[in-house]
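Notes for the one structure printed next.
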Amino acid sequence: MENLFGFDERLLEAARRAEDTLEGAFREIDETARECCEKVLYAMQKNRVSAACLSGTTGYGYDDLGRDTLDKVYADVFHTQDALARHHFVSGTHALSAALFGVLRPGDTLLSVTGAPYDTLEEVIGLRRGSGSLKEFGVKYRQCDLRPDGKPDLEAIHSAAKGAKMAYIQRSRGYSLRAALTVGDIGEIVRAAKSANPDIIVLTDNCYGEFTDTKEPSDAGADLLAGSLIKNPGGGVARGGGYLAGRADLVEQCARSLFCPGTGRETGCSLDTLREMYLGLFLAPEITANARKTGAFAAALFGGFGVKCLPEKIPQNGDIITVLCLETPERVKAFCEGIQAGSPVDAFAVPEPWDMPGYDAQVIMAAGTFTAGASIELSADAPLREPYAVYLQGGLTYGAARAGVLRAAQTMLDKGLLRF
Ligand SMILES: *Cc1c(COP(=O)(O)O)cnc(C)c1O
C-alpha cells in the first residue's frame, strides 16, 4: 500500500496489530448500526416521507409538511409519543435549556442524578455567574454524585427523588473520566427515581449517545431526550440544530418555550434545512459506527504505546468519546496538532488553547470540520488542567479518521513525546 502521508513503518505495523485485536468489536459495532439503520428506514417509510418533505418553507412556516413529518420520524426512531427536530435549536445546550425552561416552574426542584452537569449547563442552572438562569426564576437545584466507580448511586437517587420535579441524566461521559451510562444504567435510575416519586420527569441529555446502542434512554423509561444535530443524529450532514423527543405533553411545553406560548410549534420555517436533516438522520447510524470504530482504533493504538485510554471496554455502548490520558500539556498539544493536521479542512492550521465561553479552564480544540464545531467529525478537545486528558470523538469515515489518528501519533513521535 502506498504510504501517502509518510508514516513511520513501525507506526503502520503498530496500527495493523491494533486492528487485529478489534475484529470482534467492529463486528459488534456493525450489528448495532444495522439495527439502527432499519429503525430509521422503517420510521421514514411509516411516515410516508416524500420528495415534497425535503423542501422547506419560508416566513412564518405554517403547514410545513417536511418539518412536521420529520418530527414524527424522530418520535418513531426514539419510540416516543412526540419529537421536535429543528434547526432553531442552536446547539445541544440550547435544546437542553429549552427542555429545562419548558418543563420547570418557580419552586420546582431539578435533581441531577449523574453528578455535576456538562460545563455549559452550569450557567443555565445558575451554578455560576450570569443572569437569566433557572435559579433566578426560582428553580432549585440538587445533585446526586456518581459513586466512585462511576455508576449512579441508586439509593441516594431514590431518597432524593421525593419532592423533585425533574431528574436529569447525562448519558455521555462529557468532559469527565467516568464511563458513559448504558441504557441499562438509565433504566435502573428511572426505576429508583420513579419508585420514590412516580410523577418525577426524567430528562436525559442524550448528546453523543444516539445509535451507539440498539436501545435509547426512551426505551428504558426516560420521559424526555435532548441532543444536538451536529453530533450523532445529524449524520455529519445537518449543518446545525437539535432535537427533543419524549412524552407529548412535555414536548408541547418545550415548543412553547423554544418558540412562544400560543403559536408554539405551528411556526418556525424550515428554510432549506430539511433535506440535510433527513439525509443526516438516514446516515447517522453508519456515521456513528464509523466514529465508534475510530475511537476503538485510537484506544487500541495508543494503548499499545502505554497510554491509559478510557473506556476500558471496547466497543463502548453509550457515547462516541475516547479519553487518552496523555499526562502533560505538551503531549496534549502535540496530539491535537496532529488531529488537526490529519483533518480534511484547515489541515494547515495549528490549534491554540483559548478561553472558550461556558468553560472554566482554557480549552484546546482540534477540529478541521466541514461544519463548524461538529464533533461527529473527527475532533479532539482538552481542557488544559489535570489530568491532561484528551477527549477524542467523531470520524465520518473510518479510513480518513484512522489516518487522522495516525497523524496524531506521528506528530507525538516526531516530537519525542511517544516512543516505540
Ligand atoms: C455536546 C454536549 C452537550 C451540548 O453541547 P453543545 O456544544 O451546546 O451542543 C451537552 N451535554 C453533553 C454530554 C455533550 O456532549
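For ligands, and for the atoms within them, numbers begin at 1 and follow the listed sequence. Just so we're clear, the structure is a prediction, and the values are computed from it rather than from any experiment.
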Contacts of Lys333 that satisfy side chain to side chain contact (heavy atoms under 4.5 Å, CB included) - sequence neighbours left out: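 Side chain to side chain contact (heavy atoms under 4.5 Å, CB included) check on Lys333 returns Pro353, Ile364, Leu384.
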
Main-chain N/O of Asp199 paired with Asn197 side-chain donor or acceptor, under 3.5 Å: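 Yes: the side chain of Asn197 pairs with the backbone of Asp199.
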
Ligand 1 to Ser172 polar contact by distance, N or O atoms, under 3.5 Å: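 Between Ser172 and ligand 1, no N or O pair is found under 3.5 Å apart.
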
Heteroatom proximity flag, Leu96 to ligand 1, N/O under 3.5 Å: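 No, no N or O pair falls under 3.5 Å.
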
Region of Lys231 engaging ligand 1 - heavy atom pairs below 4.0 Å: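 Looking at Lys231 and ligand 1, just side chain atoms fall under 4.0 Å.
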
Subset of ligand 1 atoms that lie under 4.0 Å from at least one heavy atom of [X]:
| X | answer |
| --- | --- |
| Gln170 | 13 (C) |
| Tyr208 | 15 (O) |
| Thr93 | 4 (C), 5 (O), 6 (P), 8 (O), 9 (O) |

Proximity of Phe89 and Tyr243 rings by center, below 6.0 Å: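 So the answer is no for these two rings.
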
Atom pairs and distances, side-chain donor-acceptor, residues 392-402, under 3.5 Å, sequence neighbours left out:
{"residue": "Gln393", "atom": "NE2", "partner": "Ser379", "partner atom": "O", "Å": "3.4"}
{"residue": "Gln393", "atom": "NE2", "partner": "Ser379", "partner atom": "OG", "Å": "3.0"}
{"residue": "Gln393", "atom": "NE2", "partner": "Asp381", "partner atom": "OD1", "Å": "2.6"}
{"residue": "Thr397", "atom": "OG1", "partner": "Ala400", "partner atom": "N", "Å": "3.4"}
{"residue": "Tyr398", "atom": "OH", "partner": "Glu19", "partner atom": "OE2", "Å": "2.5"}
{"residue": "Arg402", "atom": "NE", "partner": "Glu19", "partner atom": "OE1", "Å": "3.4"}
{"residue": "Arg402", "atom": "NE", "partner": "Glu19", "partner atom": "OE2", "Å": "2.8"}
{"residue": "Arg402", "atom": "NH2", "partner": "Glu19", "partner atom": "OE1", "Å": "3.1"}

Test item: His87 and Glu276 side chains (from C-beta on) under 4.5 Å apart, heavy atoms: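 No, their side chains stay 4.5 Å or more apart.
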
